[in-house]
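Report on one structure; see the data block that follows.
Every value quoted in this text rests on a predicted model; they were computed, and no experiment measured them.
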Amino acid sequence: MPGLPAPQLMVFLLQVAVLLTLALLFGRLAGRFGMPVVVGELLVGVLVGPSVLGNAAPGLAEHFIPGGPEQAALLDGVGQLGVILLVGMTGGHLDMAMIRRHTRSVGITAFAGLVLPFGLGIAAGYLAPESLMPDSLAAHGGRTVFALMIGVALAVSALPVIAKTLADMNLLHRNTSQLTLAAGMVDDAAAWFALSAIVAMGTGGSMAAALGHSALSLVLFTGGVALAVRFLVAPLLKRLPERDSGAGGTTGRNSAVLVILLLLGAAAAVSLHLEAVFGAFVVGLATISLLPAASLAPLRTIVMSVFAPVYFATAGLRIDLTALARPTVLLAGLAVLAIAIVGKLGGAYLGARLSGLPRWDAFAIGAGLNARGVVQIIVANVGLRSGILSPAVYTLLVLVAVVTSIMAAPMLRAAMRRTVPTELELGRERELAAWQIEDTPAVRERAEPLVAGRAAD
């Protein structure tokens with residue numbers, strides 16, 4: 001079997017090196033302007049992709065980002081590994097005891113944050129001019145399918161972007177952040193469920209069959225993970241020795257075990273036609289608490305500093321904003337952006353308030369869920385490939401994804417300044433400090449109580 005050709009390997013290695021270098025530089029630059037690192041990482045792909053470099057120096061852009069599917073698949077593979085590990089580890093940060101106490105808040109917030117943007121998106125799809133619809137869909141009266149796809153695209157949240165933003169801002173320990181991630185998982189699961197049915201409608205398949213298959217897949221996957229963790233994974237982890245003299249010691253072994261579990265969960269989800277990131281999130285939620293947090297600190301560092309930046313920079317390469325130069329497309333994009341913000345931010349805020357949360361907590365949850373990021377780009381790309389969305393509408397949805405991701409940080413910062421951390425949140429922050437390995441006085445001070453507690457146990 002022939003190996004990877006040398007020119008293709010060289011380009012791939014240069015791509016990863018350049019993207020990671022720029023992601024680090026722009027991430028630091030974003031931090032200087034008070035924005036989370038992920039904003040700078042997303043902008044890297046926009047700058048070196050078709051939106052900027054592709055227009056300013058198409059020859060250089062074609063050399064750096066070749067159009068061949070094989071080359072693109074290599075870079076996409078690294079990005080997918082990064083997002084699977086990022087989202088999987090984020091699942092381990094959820095305080096399920098706290099979330100179970102606030103199940104009503106999560107349910108109402110997720111429902112309102114899903115239904116309102118979905119309904120407004122459907123209305124926008126019905127009111128959109130026919131020139132924005134694909135010719136084949138317009139010719140066969142596919143307005144309903146088109147409107148439903150717009151609704152799903154506006155209803156999703158970007159769990160990877162939300163998780164990275166909260167981590168960059170050191171907010172994962174706050175109750176509102178925990179509720180945001182839980183509601184975002186519910187919303188995205190429902191959105192992917194609806195997407196499968198809409199694509200089936202758009203391609204001439206049976207909507208009922210698609211809905212039934214999606215429901216069965218969700219039940220099989222979540223039930224299978226629960227059973228596997230209880231009867232297989234947990235007993236095996238308990239039998240592992242407390243210390244490992246092999247390469248990397250206990251930290252290396254535990255990191256490898258977690259990566260294996262997350263990859264297996266993501267693969268199982270894909271086999272059931274679910275999203276890989278959803279599978280990794282569920283598995284991380286169920287398994288990370290079974291491993292000592294401190295032993296996973298090296299893995300967290302490599303994921304947050306290498307894999308995640310490459311993933312977000314790679315995601316930006318799919319963005320082409322040149323179509324917004326047309327005034328009609330730009331005006332339509334601004335309208336869709338306003339609808340998206342009102343729907344998601346307003347819906348999540350109303351749901352959180354109805355569940356009894358204070359107004360600034362509710363606003364923070366709405367601000368987090370409003371970030372669409374690469375998840376909306378993925379949904380839009382599915383719609384484009386299936387012939388339900390036109391290239392112009394795809395561009396509009398990409399605009400929404402980028403702007404709402406940038407908006408999240410300043411709104412979260414403004415809301416969190418008006419809330420006071422509880423003792424429970426401060427305790428959770430000390431637990432998260434065990435994931436850090438930077439040797440600084442501040443980190444040692446936060447980690448010492450937890451380390452002492454573990455030693456006492």
L389/I150 under side chain to side chain contact (heavy atoms under 4.5 Å, CB included): CA gap, chis, key distance, verdict: CA-CA 8 Å; L389 298 180; I150 298 293; 3.8 Å; yes
Chi angles and distances behind the side chain to side chain contact (heavy atoms under 4.5 Å, CB included) call for T287, L237: CA-CA 10 Å; T287 60; L237 292 180; 5.7 Å; no
N370 and M411: CA distance, side-chain angles, deciding distance, side chain to side chain contact (heavy atoms under 4.5 Å, CB included) verdict: CA-CA 10 Å; N370 187 51; M411 291 194 299; 4.2 Å; yes
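Between the side chain of R353 and the backbone N or O of L357, at least one donor-acceptor pair lies under 3.5 Å. Using modelled atom types, no side-chain atom of E41 and backbone atom of A313 make a donor-acceptor pair closer than 3.5 Å. Here the side chain of R32 pairs no donor or acceptor atom with the backbone of R28 at under 3.5 angstrom. Side-chain atoms of R230 never come within 3.5 Å of backbone atoms of A228 as a donor-acceptor pair (strictly under, hydrogens ignored).
Rounded to the nearest 0.5 Å, atoms CG (L81) and CZ (F307) are 4.5 Å apart. Rounding to the nearest 0.5 angstrom, the gap separating the CG atom in L272 from the CG atom in L216 is 8.0 Å. Rounded to the nearest 0.5 angstrom, L291 CG and N254 CG are separated by 5.0 Å. Summarising the geometry, atom CG belonging to L171 is positioned 10.0 Å from atom OG1 belonging to T180; distances are rounded to the nearest 0.5 Å. Rounding to the nearest 0.5 Å places CD1 of I406 at 5.0 Å from CG of L43. For the atom pair CE (M89) and CZ (R300), the distance works out to 7.0 Å, reported to the nearest 0.5 Å.
The side-chain contact (heavy atoms from CB on, under 4.5 Å) test applied to P327 returns no partner, not counting sequence neighbours. With sequence neighbours excluded, the residues satisfying side-chain contact (heavy atoms from CB on, under 4.5 Å) with V115 are F111. Checked against side-chain hydrogen bond (donor to acceptor under 3.5 Å, both in side chains), T222 has no partners two or more places apart in sequence or in another chain. Residues forming a side-chain contact (heavy atoms from CB on, under 4.5 Å) with L114 (at least two apart in sequence, or on another chain): A155, D187, A190.
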Distance-only check: which donor-acceptor pairs under 3.5 Å involve side-chain atoms of residues 359-367, not counting sequence neighbours?
none

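Taking 4.5 Å as the limit, some side-chain heavy atom of L261 sits within range of a side-chain heavy atom of V233. In this structure the side chain of M169 never reaches within 4.5 angstrom of the side chain of M416, judged on heavy atoms. Inter-residue side-chain proximity for L116 and V342 is flagged as unmet; no heavy-atom pair is nearer than 4.5 Å. The side-chain heavy atoms of M407 and I341, taken from C-beta on, include a pair separated by under 4.5 Å. Residues V225 and L285 fail the side-chain proximity criterion, which asks for heavy atoms closer than 4.5 Å. Counting heavy atoms from C-beta on, the side chains of L75 and L19 come closer than 4.5 Å. Counting heavy atoms from C-beta outward, L154 and L120 have side chains that stay 4.5 Å or more apart. By the 4.5 Å heavy-atom criterion applied to side chains, V44 and L25 are not counted as neighbours.
Annotation for I122 and L148: closest pair CD1-CD2, 3.7 Å, computed over non-hydrogen atoms. When all heavy atoms of M133 and S390 are compared, the pair lying nearest together is C-CB, 4.2 Å. Here the closest heavy-atom approach between residue S157 and residue I162 is recorded as CB-CD1, 3.9 Å. In plain terms, the two heavy atoms of L47 and V52 that are nearest each other are O-CB, 3.2 Å. Taking every heavy atom of both residues into account, L397 and A380 meet most closely at CD1-CB, 3.7 Å. Summarising the geometry of I84 relative to L263, their closest heavy-atom pair is CG2-CD2, 4.2 Å, with the distance given to 0.1 Å.
The side-chain hydrogen bond (donor to acceptor under 3.5 Å, both in side chains) analysis of residues 104-129, with sequence neighbours excluded, yields the pairs S105-S355, Y126-T144.
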